[in-house]
Amino acid sequence: MKYWLMKSEPDVLSIDDLKSKKKTGWDGVRNYQARNFMRDEMKKGDLILIYHSSCKVPGVYGVGKVTKESMPDPTQFEKKSQYFDPKATHDEPRWFMVEVGFVKKFKQAVTLEFMKSEKSLGDMIVLKKGSRLSITPVEKKDFEKVSAFGEA
DNA sequence: GCCAACGTTGGC
DNA sequence: GCCAACGTTGGC
């Protein structure tokens, strides 16, 4: 089993949205590295730190899990979608997603500011300067530490 | 709103 | 295949 961190803007999908929807297709990712993680590496049962970006207090707000593995992202075929990709075909989809289920919302957010101050989390990719990747693998020890902080 | 960092595109 | 130009991300 692997561990991941997935970014979302709370205006688009917040941890509360995920809680009320129970699960959702993680559509709209248009970055090849992130796509490859979803297409090839994320497996059912993997746990996910749900991170909120582009908001007042960026940080990890809860935990999700992979409930369905790799499938074509339907928004690439929808002409009216902002994620429409004219080069994608049903025979050869370009973009893939996984389905993410709600696990829990932390008692307290583990903020970016806090994670930066916590030297033991220094290896996390999301903390690296200039890191824009919206899906990143997370080490088990870091997942556990962040979870512990969130539930403290 | 600014801007550094990064990814993608396209001319050559 | 290089790389300049452009677009996007995301913290601040």
Side-chain angles (χ1 to χ4, degrees), chain A residues 2-21 24-42 46-66 70-100 102-139 141-143 145-152:
Chain A
K2 289 182 179 165
Y3 299 88
W4 305 92
L5 179 145
M6 296 176 100
K7 294 182 188 173
S8 76
E9 298 184 18
D11 290 348
V12 180
L13 182 83
S14 70
I15 189 76
D16 292 321
D17 295 335
L18 185 60
K19 183 176 183 178
S20 59
K21 294 172 81 155
T24 188
W26 206 266
D27 60 19
V29 172
R30 293 296 179 267
N31 168 282
Y32 289 103
Q33 244 184 304
R35 177 205 66 180
N36 292 348
F37 285 139
M38 289 201 288
R39 189 188 59 186
D40 307 329
E41 296 198 44
M42 297 181 76
D46 286 0
L47 291 171
I48 303 160
L49 297 173
I50 304 291
Y51 178 94
H52 286 169
S53 63
S54 295
C55 57
K56 200 170 174 199
V57 184
V60 178
Y61 281 75
V63 177
K65 68 180 172 199
V66 179
S70 177
M71 62 198 119
D73 176 345
T75 62
Q76 68 193 304
F77 308 122
E78 295 166 8
K79 280 216 170 66
K80 278 183 276 183
S81 168
Q82 61 168 316
Y83 302 121
F84 177 67
D85 184 342
K87 291 178 184 158
T89 65
H90 282 86
D91 284 343
E92 282 190 62
R94 178 181 290 204
W95 304 109
F96 292 80
M97 65 179 194
V98 296
E99 183 185 75
V100 174
F102 175 79
V103 174
K104 67 179 168 190
K105 180 180 177 178
F106 286 156
K107 287 184 195 158
Q108 56 172 354
V110 183
T111 66
L112 177 61
E113 185 186 20
F114 175 79
M115 288 194 287
K116 279 181 172 169
S117 73
E118 196 60 38
K119 290 289 180 285
S120 61
L121 296 173
D123 290 337
M124 291 184 73
I125 297 167
V126 73
L127 301 180
K128 309 271 185 208
K129 190 180 176 190
S131 172
R132 295 179 358 188
L133 192 54
S134 65
I135 301 175
T136 52
V138 170
E139 301 213 9
K141 66 176 173 59
D142 293 333
F143 179 90
K145 257 179 213 160
V146 172
S147 295
F149 289 132
E151 292 297 311

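In the text below, chain A, chain B and the rest are named by the order of the sequence lines, each starting its count at 1.
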Students often get this wrong, so: under 4.0 angstrom with heavy atoms, is A:K128 touching a base, only sugar-phosphate, or nothing?
nothing

What does A:S54 touch in the nucleic acid at a heavy-atom separation under 4.0 angstrom: a base, only the sugar-phosphate, or nothing?
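Base, at least one base heavy atom under 4.0 Å.
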
Interatomic distance where [atom1] belongs to [X] and [atom2] belongs to [N] [whole Å]:
X	N	atom1	atom2	result
A:I125	B:dC6	CD1	P	13 Å
A:L5	C:dT9	CG	P	17 Å
A:R30	C:dG7	CZ	P	19 Å
A:L133	B:dT8	CG	C1'	15 Å
A:L112	C:dT9	CG	P	18 Å
A:L127	B:dA5	CG	C1'	16 Å
A:Y32	C:dT8	OH	C1'	15 Å
A:N36	B:dG7	CG	C1'	14 Å

Starting the side chain at C-beta, find the nucleotide from B:dA5, B:dG7, C:dG10 nearest to A:Q33.
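For the A:Q33 side chain, the nearest candidate turns out to be B:dG7.
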
Given B:dT8, C:dG11, B:dC6, which nucleotide is nearest the side-chain atoms of A:R132?
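Selected nucleotide: B:dC6.
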
So, does A:Q76 use its side chain to make a donor-acceptor pair with the main chain of A:A88 at under 3.5 Å?
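Between the backbone of A:A88 and the side chain of A:Q76 there is no qualifying donor-acceptor contact (under 3.5 Å).
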
Does a side-chain N or O from A:Y51 land closer than 4.0 Å to OP1 or OP2 of C:dG11, or not?
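So the side chain of A:Y51 is within the cut-off, an N or O lying under 4.0 Å from OP1 or OP2 of C:dG11.
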
Measuring to OP1 and OP2 of B:dA5, would you say a side-chain N or O of A:K129 lies under 4.0 angstrom away?
yes

Within a strict 4.5 Å, meaning less than it, do heavy atoms of the A:F114 and A:Q108 side chains meet?
no

Would a 4.5 Å heavy-atom cut-off, applied to side chains only, mark A:W95 and A:R30 as touching?
yes

Take A:K87 and A:N31, find for each the nucleotide of DNA chain B with the closest heavy atom, and name the residue whose nucleotide sits nearer the 5' end.
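By nearest-heavy-atom nucleotide position, the 5'-most residue is A:N31.
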
Return yes if a side-chain donor-acceptor contact under 3.5 Å exists between A:R132 and A:S53, otherwise no.
no

With no hydrogens and no angle check, just 3.5 Å: does a side-chain donor-acceptor pair link A:S14 and A:D16?
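Side chains of A:S14 and A:D16: no pair found under 3.5 Å.
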
